[in-house]
Amino acid sequence: MAGHLTHWGVFEADSDGERLTSVRPWRGDPEPMALIDNVASAQHHRTRIDQPYVRRGWLEQGPGPARRGDEPFVPVSWETAVGLLSGELGRVYREHGAESVYGGSYGWASAGRFHHAQSQVHRFLNCLGGYVRHVNSYSLGASSVLLPHVIADMSVLDGHATAKSVLVENTELMVAFGGLSPKNSAVSQGGVSRHNTRTWIGAARARGCRFVSISPLRDDIPAEAQAEWLAPRPGSDAALMVALAQVLDAEGLADNDFLDRYTVGYARFAGYLRGERDGVVKGPEWAAPITGLAAGTIRALARDMAAARTMVTVSWSLQRAEHGEQPLWLGVVLAAMLGQIGLPGGGFGHGYGSTAHVGEAACAYSVPRFPQGRNGVDTFIPVARISDMLLSPGADYDYDGRTLTYPDIRLVYWCGGNPFHHHQDLARLRAAFARPETVVVHDAFWTATARHADIVLPATMSIERDDYGAGQNDRVFFPMPALTRPHGQARDDFAIFAELAETLGVGKEFTEGRTAQEWLRQLYREWQTHRGDEVPDFEVFWDSEQLELPIPDPDQVLFARFRSDPERFPLATPSGRIEIFSETIEGFGYPDCPGHPVWMEPEEWLGGRAAAQFPLQLIANQPRTKLHSQLDIGAHSRSAKIGGREPVRLHPDDAGARGIGDGDIVRIFNDRGSCLAGVVVDDGVRVGVAQLSTGAWYDPDPADPSFCRHGNPNVLTSDRGTSRLSQGCTGQLALVEIERFAGTVPELAVDRPPAIS
Ligand SMILES: Nc1nc2c(c(=O)[nH]1)N[C@H]1C(S)=C(S)[C@@H](COP(=O)(O)OP(=O)(O)OC[C@H]3O[C@@H](n4cnc5c(=O)[nH]c(N)nc54)[C@H](O)[C@@H]3O)O[C@H]1N2
Ligand SMILES: Nc1nc2c(c(=O)[nH]1)N[C@H]1C(S)=C(S)[C@@H](COP(=O)(O)OP(=O)(O)OC[C@H]3O[C@@H](n4cnc5c(=O)[nH]c(N)nc54)[C@H](O)[C@@H]3O)O[C@H]1N2
Ligand SMILES: [Mo]
């Protein structure tokens, strides 16, 4: 029996050497998650990649642009695969240079720090001269660019958020834009040891904290919160926040001492609230028809916020949308007007409820990681501009005050991510994936991305290799000894890269002469020496269940030092203060992101013209029964499917108006594409909203790649950036229509391997 860390929790398992015979939540987890059930059921599923494969056309005609995604694959030996791939890498680096290789390889891969897939592929490509990389994430595209201009880097807001323990003791009112979702806080990058969402929210409530959840879904906050539920039109939060700010301003409730001492630019913003330029006072009466909330509700909420110790928290989802910068910036501004930033339990939070780690106090030491080396290429893209890059080499685009140019990519290397899960407008991505000369994918499963590759290499799952790991701000460091042998001919990414590197003459640079086991020891020992305190030797750690990490300030309060002395501890913004108006951003001159936050109508929302044709707001949020697309064929994920399709939730009025009932298979569509889904009728969904979470493996109709038979919402979402400032992903919201699916429901193909010839 041994424990194993995943991004969604720790489990203990018995194994017969080949498979897990029983899986139980780790004894230390007070709120274990059923997501752990996906692992054992997926391990030997027929969609597991059992050996290396090459796309037939690539094998026969060689590298070049091609319609990828529907040709058969040819099984090849490891020797052949390594020979072909090293030859092709050699050719591309020689003929086109490192700037023609896209190795950004975005994705979550698996927990375990040494076998972290992105670190592996980045180090390998760096040994060859480097690669075009990505910056930022799908999670926080707008946040990572906007917030450093306005208040602080994401690492501060993320890693040093006021601790949940402090909220439990001090917060009187928690206003949660986007809720505090129990499904999201099941997960954290790198792993979660002790889930605590229901516990801390229940404790805060028992002490008297009032929760207001502002979200299209009632279950975006746990029942323990006994929350009041406000459901404005999705995408209209900025208007609601502007109106809340207007009430504070007009009724003398804004904390002027705080605004004077700790912020810049309030006067400009107040002029906007007061309608000094356009004659429109942006109060509750103005916001009511935009948001669909009653003016009285908005006014009362603003007054309550000013009267209590209030935490304004904005979920990450709000910025994963058109103009996603605005509600985020307004959240900061509202908190600044309330004057409680830096006080226990008050102020601003970003992502309580978005993942498990936000609100966990920072550990003294992060755990060892595999060094990636130096990238010889400077060129990068904001991560969600992948299709634009592949489709438009040489084109210019705006980003954070700069004009950048897309490189000309010949080879795409993906290891540990699934762009045919994560990217928007999948028909367009498929066209983009037809452009490179070669696409290489390592994965454990025949995901849609593997099916769009030329060379497919089978990776081990984390249960099949020795590793160790801990999540960000998670206080438990786990040894992760292999629980079973690898499936089929699967190899660790490290072993694959080690052999490729050897063949390409950079073996020594990549491995430094160490095996994986030797690396684990070496990295641990380096870590041990750099730590000031007593840490057990590797051998002791490896044989133990876990190692608890020290937490220097368990009751951390975000920006407490800044509040105590803003001259001595200024923020890293240009003014050193919170920027309600940013000269820098104003100076960029972007019409879609002016110098202070505003309400800007998105194109796809229920209040706009496009809603006449597509009258339902699709919420493409994170899935409850899995992490992204991972292990979608696992037992827990499958248990939620309807007729094998991803569930879509609809309000009874919207279902009734379309003659749709529980369990029906429907077609969801807009101008970009369509997909099937199985209906769940639920009055916990706002009227006018259809919730189809991400994660169903993309299963395109062979005749029409914009039609997914399985229920991947990214055939419907739009591939446009949040704004020219941050170019973040806008996948959360889109407009759609839904109809009952007429005819015979087509069989799925993505739950079996592709055609093998
Ligand atoms: N419409 C819409 N789209 C979204 C979002 C949204 O809100 N709406 N959210 C976005 C967000 S926030 C994110 S983070 C992305 C997530 O997108 P991804 O991180 O790309 O999604 P995953 O399904 O986690 O992909 C990880 C892949 O790595 C594979 N893998 C696991 N372990 C290993 C390993 O050790 N080696 C190798 N080689 N492979 C491994 C898994 O099998 C899986 O295929 O999706 C984004 N997409
Ligand atoms: N179970 C599970 N947990 C996960 C993940 C997963 O795949 N599965 N993924 C992880 C990752 S990578 C990330 S980045 C985080 C993401 O964390 P978030 O971005 O916070 O998560 P989402 O589920 O996309 O969105 C949260 C909620 O926001 C609400 N919402 C959507 N649009 C609007 C809007 O316009 N206004 C308001 N007020 N609310 C809105 C939706 O109802 C949605 O349920 O989750 C992490 N946690
Ligand atoms: Mo994410």
Side-chain angles (χ1 to χ4, degrees), residues 7-8 33 35 42 105-112 115-118 120-121 137-141 176-189 213-217 219-220 230-237 240 314-321 324 327 351 353-356 384 414-424 441-445 447-450 457-462 464-465 467 492-493 496 602 605 617-632 685-686 689 691-695 697 712-714 716-717 729-734:
H7 297 302
W8 49 90
M33 295 292 162
L35 271 75
S105 188
Y106 181 82
W108 270 52
S110 290
H115 290 287
H116 178 241
Q118 271 195 45
Q120 294 284 343
V121 66
S137 61
Y138 280 79
S139 320
L140 291 161
F177 292 89
L180 293 167
S181 165
K183 71 175 169 57
N184 296 99
S185 48
V187 166
S188 176
Q189 183 132 46
S213 178
I214 299 169
S215 155
L217 306 175
D219 58 9
D220 267 337
L230 297 182
R233 282 193 177 120
S236 74
D237 300 77
L240 170 58
V314 179
S315 74
W316 294 353
S317 55
L318 262 72
Q319 50 85 61
R320 208 174 303 115
S354 293
T355 80
W414 226 290
C415 176
N418 187 0
F420 281 89
H421 153 70
H422 67 230
H423 196 57
Q424 288 56 64
V441 171
H442 297 193
D443 205 299
F445 293 91
T447 62
T449 302
L457 301 179
T460 49
M461 289 172 72
S462 61
E464 298 166 346
R465 59 200 182 210
D467 208 339
D492 300 347
D493 297 302
I496 301 172
W605 74 302
Q617 185 89 62
L618 176 78
I619 307 280
N621 60 352
Q622 315 302 310
R624 182 175 53 81
T625 55
K626 55 195 164 246
L627 168 68
H628 311 139
S629 70
Q630 293 199 33
L631 313 181
D632 185 30
V685 175
R686 185 196 191 276
V689 160
Q691 181 227 335
L692 173 68
S693 295
T694 56
W697 286 1
N712 185 324
N714 275 327
L716 300 159
T717 53
C729 153
T730 59
Q732 184 79 194
L733 301 175

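Just so you know, ligand 1 is whichever comes first in the structure, and atom 1 is the first atom listed for that ligand.
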Atoms in ligand 2 with a heavy atom of L627 nearer than 4.0 Å:
5 (C), 6 (C), 7 (O), 8 (N), 9 (N)
Tell me: protein heavy atom nearest atom 19 (O) of ligand 1, and distance?
W108 N, 2.8 Å
Indicate, as side chain, backbone, both or neither, the part of V187 found under 4.0 angstrom from ligand 2 when only non-hydrogen atoms are considered.
side chain
For atom 8 (N) of ligand 2, which of Q691, Q732, K626, K183 has the closest heavy atom?
K626
Which of the numbered atoms in ligand 2 are below 4.0 angstrom from a heavy atom of L733?
32 (N), 35 (O)
When you look for heavy atoms under 4.0 Å from ligand 1, do you find them on the side chain of H423, its backbone, both, or neither?
neither
Number the atoms of ligand 2 from 1 as they appear, then name those within less than 4.0 Å of a heavy atom of D220, with their elements.
27 (C), 29 (C), 41 (C), 42 (O), 43 (C), 44 (O)
Under 4.0 Å from a heavy atom of H628: which atoms of ligand 2 are those, numbered in the order shown and with their elements?
6 (C), 7 (O), 9 (N), 10 (C), 11 (C), 12 (S)
At a non-hydrogen distance cut-off of under 4.0 Å, which region of T449 contacts ligand 1 (side chain, backbone, both, or neither)?
neither
For N418, the ligand 1 atoms whose distance to one of its heavy atoms is below 4.0 Å:
20 (O), 25 (O), 44 (O)
Looking only at heavy atoms, the pair that brings A356 and S185 closest together is CB-O, 3.2 Å
Can you tell me how the ring of W697 sits relative to the ring of F445, calling it parallel under 30°, perpendicular over 60° and tilted otherwise?
tilted
Note the single closest protein heavy atom to atom 43 (C) of ligand 1, along with its residue, its atom name and the distance in Å.
D443 OD2, 3.5 Å
Show which atoms of ligand 1 fall inside a sub-4.0 Å distance from at least one heavy-atom site of S629.
22 (P), 23 (O)
Just going by heavy-atom distances, which of N184, L35, T355 is nearest to atom 47 (N) of ligand 2?
N184
H115-D467 side chain donor-acceptor pair, cut-off 3.5 Å:
no
Do any N/O atoms on F177 end up under 3.5 angstrom from N/O atoms on ligand 2?
no
Min over Q319, M33, Q622, Q617 of heavy-atom distance to atom 5 (C) of ligand 2 lands on Q622
Tell me whether ligand 2 is touched by W8 - counting only heavy atoms on the residue side and a distance under 4.0 Å.
no
Identify, for atom 28 (O) of ligand 1, the protein heavy atom at the shortest distance, and state residue, atom and that distance.
G416 C, 3.2 Å
Can you pull out the closest protein heavy atom to atom 25 (O) of ligand 2? Residue, atom name and distance to 0.1 Å, please.
S317 CB, 3.1 Å
Note: S139, heavy atoms under 4.0 Å from ligand 1, region reported as both
Mind checking whether R465 contacts ligand 1 via backbone (N, CA, C, O), side chain (CB onward), both or neither, at a 4.0 Å heavy-atom cut-off?
side chain
Would you confirm whether Q118, through its side chain, and G107, through its main-chain N or O, come within 3.5 Å as a donor-acceptor pair?
yes
Heavy-atom distances under 4.0 Å decide this one: backbone, side chain, both or neither, for N714 against ligand 1?
side chain
Would you check if the side chain of R465 reaches a backbone N or O of T460 as a donor-acceptor pair within less than 3.5 Å?
yes
What protein heavy atom sits nearest atom 21 (O) of ligand 1, and how far away is it?
H421 CD2, 3.3 Å
Below 4.0 Å from ligand 2: does a non-hydrogen atom of S215 turn up there or not?
yes
Under 3.5 Å between some N or O of ligand 1 and some N or O of H115?
no
Nearest-neighbour protein heavy atom for atom 34 (C) of ligand 1, which is reported as residue plus atom name and distance
D493 OD2, 3.6 Å
Interfacing atoms of ligand 1 (cut-off 4.0 Å, heavy-atom, A459):
36 (N), 37 (C), 38 (N)
From the candidates W697, Y138, Y106, the one that places a heavy atom nearest atom 10 (C) of ligand 1
Y138
Would you check if the side chain of Q622 reaches a backbone N or O of A620 as a donor-acceptor pair within less than 3.5 Å?
no
Identify, by atom number and element, the atoms of ligand 1 in contact range of H442, meaning under 4.0 Å from any of its heavy atoms.
37 (C), 38 (N), 39 (N)
Is there a donor-acceptor pair closer than 3.5 Å between any side-chain N or O of H7 and the backbone N or O of A109?
yes
With heavy atoms only and a cut-off of under 4.0 Å, state how Q630 meets ligand 1: side chain, backbone, both or neither.
both
Pick from S110, A111, A734: the one approaching atom 32 (N) of ligand 1 most closely through a non-hydrogen atom
S110
What residues, two or more places apart in sequence or in another chain, satisfy side chain to side chain donor-acceptor pair (under 3.5 Å) together with S215?
D220
Atom 30 (N) of ligand 1: nearest protein contact (heavy atom, Å)
A109 CA, 3.8 Å
Identify the protein heavy atom lying closest to atom 15 (C) of ligand 1, giving its residue, its atom name and the separation to 0.1 Å.
H422 CB, 3.4 Å
Check each of G107, P713, G417 against atom 27 (C) of ligand 1 and report the one with the nearest heavy atom.
G417
Could you tell me whether ligand 2 has any atom less than 4.0 Å away from a heavy atom of P216?
yes
Those atoms of ligand 2 less than 4.0 Å from some heavy atom in S315:
20 (O)
Under 4.0 Å from one or more heavy atoms of T447, ligand 1 contributes atoms 44 (O)
Ignoring hydrogens and angles, tell me if any N or O in the side chain of Y138 forms a donor-acceptor pair with the backbone of H422 under 3.5 Å.
no
May I ask which of G324, G695, S354 has a heavy atom nearer to atom 45 (O) of ligand 2 than the others do?
S354
Heavy-atom check, side chain of L457 versus side chain of V441, under 4.5 Å:
no
Would you mind running through ligand 2 and noting each atom that sits below 4.0 Å from a heavy atom of R320?
14 (S), 16 (C), 19 (O), 24 (O)
Interfacing atoms of ligand 2 (cut-off 4.0 Å, heavy-atom, D237):
34 (C), 35 (O), 36 (N), 37 (C), 38 (N)
Just let me know how M461 lines up against ligand 1, side chain, backbone, both or neither, with a heavy-atom cut-off below 4.0 Å.
neither
Heavy-atom contacts with G235 under 4.0 Å: which atoms of ligand 2 show up? List them by number with element.
34 (C), 35 (O)
Does C415 reach ligand 1 with a nitrogen or oxygen that is under 3.5 Å from one of the ligand's nitrogen or oxygen atoms?
no
Please write down residue, atom name and distance for the protein heavy atom closest to atom 6 (C) of ligand 1.
A620 O, 3.5 Å
At a non-hydrogen distance cut-off of under 4.0 Å, which region of P623 contacts ligand 2 (side chain, backbone, both, or neither)?
both
Subset of ligand 1 atoms that lie under 4.0 Å from at least one heavy atom of G731:
1 (N), 2 (C), 8 (N)
So Q617 and W605, do their side chains get closer than 4.5 Å, heavy atoms only?
yes
Identify, by atom number and element, the atoms of ligand 1 in contact range of T717, meaning under 4.0 Å from any of its heavy atoms.
1 (N)
Exercise: do S693 and N621 side chains pair donor with acceptor under 3.5 Å:
yes
Distance-only N or O hit between ligand 2 and S236, under 3.5 Å:
no
